[in-house]
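The model shown is predicted, which means the values in this text are computed figures rather than measured ones. The figures that follow rest on heavy atoms only: side chains count, while hydrogens, waters and symmetry mates do not.
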Amino acid sequence: MFVVRPVELSDIDALETLAAVTMPGVHTLPKTREKIAASVERSIASFAAHVDIPSEESYLFVLEQQATRAIVGTAAIFASAGSNGTYFSFRNDVIQQVSRDLNISHSVHALTLCSELTAYSQLSGFYVANRGTAGLEAALLSRARLLFAVLAPHRFGDRFFVPLAGVTDKNGQSPFWEALGRKFFKMDFLEAERVIGGARNRTLIVELMPHYPVYVPLLPGDAQAAMGQIHGDGELAFSLLTEEGFEADDYVDIFDGGPILQAHKNALRTFAGSMLRRVAPFDSGLSSELPVTYAIAASNEQNFRAITVSCPPAEGTDSVFLPQEAQDALMVAPGDNVICVRI
């Protein structure tokens, strides 16, 4: 069984081991021990904080294999993007150009630096080991962040977005960055990502990035082709997010041109389909109904746990019938409340 839970200080070594794996498709994951430790400490403080409105909180989760206690994945959610500044992205614009003298009117595709996603809640840092063979545990890890948001809506905004890493070549270089960002930063893509630490809210971005529209037709063909395209490592995350209800919209990442998916919470399956149910013991020998697979989260902000489990359908009753193993993993007992959503 796999369990998603809030990160703990004792997980730092395991997260450092995960970060040592080449992960070109996850630019939002801390890579150094210092930054990992800082993100863990910030998450612990966020979970412990009394929150009235979303602010600077960030919540880091780990995917734990219960049998071995091994950490095999991680994912994060930020209460308010750009909480330490302004979150920058490029907006896809269409600019109308008109010449009355020449009687010419046409549309030009342009990119405009904007801060419109600031204060949206942001999903980031999704990584699962052995993603090629990952099953329900990957869906659980991705969805657990939203289950926590269902449990604690006051901690998050009404709109969510997810930046996905864009296309890079075998050397880790981005054609979009080569055509645009390098001109202003005077450094290669990987060096820029190290300097910025995966952030998109640093002051140096607005100091260096162009404040005027960038005409897309003037970019090289490979840079244009890379816009809105996902790195191969991000296909699993993209599939899970689109199944959840996220859609690509009008924004792309300012570094690698990767897509930014967004959605109002009411359009997401986890919000629309979640059910609050009371735990009841399950006896497989007494149930005649075909089991249904749910993602289930313990209804406790400070001691959040999420698992997947097959059990009798919970839609027609006020209870969910859980085997003892599932109750133990969630740290709940009969009579406690949990949140369920079909996988």
Could I get the full list of side-chain contact (heavy atoms from CB on, under 4.5 Å) partners for A179, not counting sequence neighbours? L219, P220, A223
Backbone of E16 reached by a side-chain donor or acceptor of K31 within 3.5 Å: no
Are F304 and F47 an aromatic pair by the rule of ring centers under 6.0 Å? no
Side chains of T293 and S310: any donor to acceptor distance under 3.5 Å? yes
Closer than 3.5 angstrom, by distance alone: can the side chain of R305 be matched with the main-chain N or O of V332 as a donor-acceptor pair? no
Pairs flagged by salt bridge (Lys or Arg N to Asp or Glu O under 4.0 Å) wherever residues 325-342 is involved - sequence neighbours left out: E315-R342
Do V7 and T74 have side chains that get closer than 4.5 Å, going by heavy atoms? no
Would R278 and D318 pass as an ion pair if we require N to O under 4.0 Å? yes
Pair Y120, Y87 - check ring-ring contact (aromatic ring centres under 6.0 Å, His included), show working. CA-CA 9 Å; Y120 283 35; Y87 187 95; 9.4 Å; no
Is there a side-chain contact between D93 and P213 in this structure, where contact means two heavy atoms from C-beta onward sitting under 4.5 Å apart? no
Is the F176 ring parallel, tilted or perpendicular to the F90 ring (thresholds 30°, 60°)? perpendicular
Taking the six-membered ring of F61 as reference, does the cationic atom of R145 (NZ for Lys, CZ for Arg) lie under 6.0 Å from its centre and within 45° of its axis? no
Residues K183 and E178: closest non-hydrogen pair is NZ-O, 3.0 Å
Side chains of T168 and Q173, donor plus acceptor under 3.5 Å: no
Please check if any side-chain donor atom of Q262 sits under 3.5 Å from a side-chain acceptor atom of Y251, or the reverse. no
Contact check, side chains of D256 and H231, non-hydrogen atoms, under 4.5 Å: no
Between Y59 and F148, how do the two ring planes meet: parallel, tilted or perpendicular, split at 30° and 60°? tilted
pair V320-M275: side-chain heavy atoms closer than 4.5 Å: no
pair F238-L261: side-chain heavy atoms closer than 4.5 Å: yes
Among residues at least two apart in sequence or on other chains, which ones pass side-chain contact (heavy atoms from CB on, under 4.5 Å) with E244? R143, L146, F246, L268, R269, T270
Mind checking whether L330 and V279 have side chains closer than 4.5 Å, heavy atoms only? no
